[in-house]
Amino acid sequence: MPELPEVESVRRRIAPVMEDARFTDVIVRRRNLRAPFPKRFRERLIGRTVLEVTRRAKYLVVLLSSDETLLMHLGMSGSFRVDQEGDGTLSVAHDHVVFQMSSGAVVTFNDPRRFGFMDLVGAGGLSAHPVLSALGPEPLSAEFDGFALARACKGKRTSLKLALLDQRVVAGLGNIYASEALHIAGLSPLRRASTIATRSGLPHPSAHRLAAAITAVLTEAIERQSPTRQYRSARFRVYDRESERCRRGRCEGSIRRRTQGGRSTFFCPRCQR
DNA sequence: ATTGAGACCTGTCGGC
DNA sequence: TGCCGACAGGTCTCAA
């Protein structure tokens with residue numbers, strides 16, 4: 001499910017019911033997801049107030065009144081459900097964690113594949129946490145632009161698509177939006193990543209185009225996810241459209257699928273060079 | 001240091 | 001209908 005836009009939309013959904021509320025109970029139904037839950041997870045949450053729910057890349061970052069921070073990742077199949085206490089909230093398969101909030105909200109984490117992740121971090125240690133410390137720029141922040149992208153791709157011998165999936169290059173892109181951004185920018189996913197930068201790390205015009213495409217595709221996806229929008233599941237430009245006609249202007253190409261790093265890439269060989 | 005392959009899990013879908 | 005393989009929006013670890 002979740003790349004940056006989906007995580008952002010989850011954040012927007014759970015923030016209003018968690019912020020300013022206390023954890024009145026925390027039920028953990030297994031001892032690990034991708035990694036074990038931290039020691040005394042439940043005890044360290046109960047009674048704490050949620051100050052703010054933020055996001056870094058694909059991680060949800062929940063600031064607590066205890067000076068600790070709850071870090072959560074949805075993996076491939078994680079999701080949150082929000083119910084109201086007393087609404088006959090039944091637990092279903094793969095409900096691994098239940099947060100009961102003093103607001104009466106019940107926030108349930110469900111994750112069939114269990115690639116998700118939760119941890120608690122002390123105040124000072126947040127940016128030093130292993131999962132956060134190496135992350136590249138947030139793509140919707142001011143630090144991200146063609147210069148940053150070119151710098152990160154400088155000297156990289158791997159393909160452009162794989163570089164975009166590298167969270168140290170830009171934080172939050174996943175398999176779908178990497179393909180989408182490359183199509184918008186008209187760049188081949190097979191290109192060597194270093195070709196968008198000069199030897200000294202300065203951007204080629206393609207780096208600016210790609211950075212702009214990334215910003216645009218993510219912004220639009222977040223907008224599309226917002227619950228006030230009707231047209232939820234508008235499909236993608238190239239992702240999962242193998243053999244279909246390219247949708248760019250009057251490009252006559254057809255969408256191809258290739259495997260890169262074990263994952264599917266979709267692109268138009270005609271207009272993406 | 002960088003890069004690619006494999007591992008972690010369960011569910012779903014298409015083909016036979 | 002049932003079985004089987006391929007595949008799924010992520011990230012870590014390991015070996016070359």
Side-chain angles (χ1 to χ4, degrees), chain A residues 1-11 13 29-37 55-61 71-80 91-97 109-119 129-136 139 151-183 189-195 197 201 214 217-218 220-222 224-225 232-243 255-267:
Chain A
M1 241 194 153
E3 299 186 30
L4 185 152
E6 290 75 25
V7 178
E8 176 60 21
S9 116
V10 168
R11 187 195 72 75
R13 206 156 43 75
R29 298 219 163 83
R30 8 177 347 106
R31 40 193 252 280
N32 64 292
L33 295 169
R34 192 174 88 206
F37 285 94
R55 180 189 56 71
R56 172 76 170 108
K58 300 169 195 167
Y59 289 88
L60 290 162
V61 180
L71 256 185
M72 307 193 283
H73 194 289
L74 302 174
M76 288 278 248
S77 59
S79 62
F80 282 96
S91 119
V92 301
H94 311 300
D95 280 354
H96 303 310
V97 182
F109 180 69
N110 183 286
D111 182 9
R113 294 178 77 175
R114 306 203 303 272
F115 290 167
F117 170 86
M118 291 193 190
D119 200 5
H129 192 286
V131 301
L132 300 184
S133 62
L135 290 176
R151 231 179 295 127
C153 287
K154 173 191 145 194
K156 268 199 174 294
R157 308 174 61 79
T158 192
S159 66
L160 197 45
K161 160 80 181 317
L162 260 29
L164 293 185
L165 292 181
D166 183 341
Q167 302 294 298
R168 296 168 302 182
V169 171
V170 49
L173 272 190
N175 201 40
I176 293 180
Y177 296 112
S179 279
E180 296 292 290
L182 287 165
H183 185 259
L190 311 176
R191 268 168 85 128
R192 194 178 269 218
S194 60
T195 59
I214 289 168
V217 78
L218 295 178
E220 201 222 316
I222 290 172
R224 200 177 345 111
Q225 306 257 328
R232 253 326 144 90
S233 58
R235 286 181 65 219
F236 303 107
R237 304 165 57 103
V238 288
Y239 185 83
D240 204 19
R241 286 186 181 277
E242 185 178 18
S243 305
I255 306 307
R256 293 290 164 69
R257 160 183 159 136
R258 297 237 341 199
T259 298
Q260 289 183 285
R263 348 237 349 240
S264 291
T265 298
F266 297 87
F267 69 112

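Residue numbers start from 1 in every chain, and the chains themselves are labelled A, B, ... in the order their sequence lines are given, proteins ahead of strands.
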Report the distance from atom [atom1] of [X] to atom [atom2] of [N], rounded to the nearest whole Å.
X      : N      : atom1 : atom2 : result
A/Y239 : C/dC7  : OH    : P     : 12 Å
A/F266 : C/dA8  : CZ    : P     : 7 Å
A/E6   : C/dA8  : CD    : C1'   : 14 Å
A/I176 : C/dC7  : CD1   : P     : 16 Å
A/R113 : C/dG10 : CZ    : C1'   : 9 Å

Worksheet item: Just wondering, do A/P139 and A/L218 contact through their side chains at under 4.5 Å, heavy atoms?
Response: yes
Worksheet entry | Aromatic-base stack, A/F115 on C/dG10, cutoff 5.5 Å, angle under 30 |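 A/F115 ring centre within cut-off of C/dG10 base, planes near parallel; stacks.
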Could you pull out the closest heavy-atom pair between [X] and [Y], with the gap in Å?
X      : Y      : answer
A/L4   : A/K58  : N-CG, 4.1 Å
A/R237 : A/E180 : N-OE1, 2.7 Å
A/A181 : A/V217 : CB-CG1, 4.2 Å
A/D111 : A/S77  : OD1-OG, 2.5 Å

Worksheet item: Using 4.0 Å as the upper bound for N to carboxylate O, is an ion pair formed by A/R257 and A/D240?
Response: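 No, no charged N to carboxylate O under 4.0 Å.
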Worksheet entry | Plane angle bin for A/F80 and A/F109 - parallel if under 30°, tilted between 30 and 60°, otherwise perpendicular | tilted
Worksheet item: Can you give the first and last nucleotides of DNA chain B, 5' to 3', that have an atom under 4.0 Å from a heavy atom of chain A?
Response: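 Contact boundaries, 5' end first: B/dT3 to B/dG11.
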Near [X] [atom1], under 6.0 Å, is it more than 12 heavy atoms from other residues, nucleotides or ligands?
X      : atom1 : value
A/R256 : CZ    : no
A/R168 : CZ    : no
A/R11  : CZ    : yes

Worksheet item: Using a cut-off of 4.0 Å on non-hydrogen atoms, how would the nucleic acid contact of A/R168 be classed: base, sugar-phosphate, or nothing?
Response: nothing
Practice prompt. May I ask you to say what A/G261 touches in the nucleic acid, namely base, sugar-phosphate or nothing, with a heavy-atom cut-off under 4.0 Å?
Written response: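 Counting heavy atoms under 4.0 Å across all strands, no contact is made by A/G261.
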Worksheet item: Is the shortest side-chain N/O distance from A/S264 to OP1 or OP2 of C/dA8 below 4.0 Å?
Response: yes
Response to the item:
Each nucleotide of nucleotides 11-16 of chain C classed B (base within 4.0 Å of a protein heavy atom), S (only sugar-phosphate) or -, in 5' to 3' order, makes BS----
Worksheet, complete the sentence: Each base of DNA chain C marked ( ) or [ ] if paired in-strand (Watson-Crick or G-U under 3.5 Å), | if paired to another strand and . if unpaired gives .|||||||.|||||||
Fill in: Trace of the side chain to side chain donor-acceptor pair (under 3.5 Å) decision for A/N110 with A/H96
CA-CA 6 Å; A/N110 183 286; A/H96 303 310; over 6 Å; no
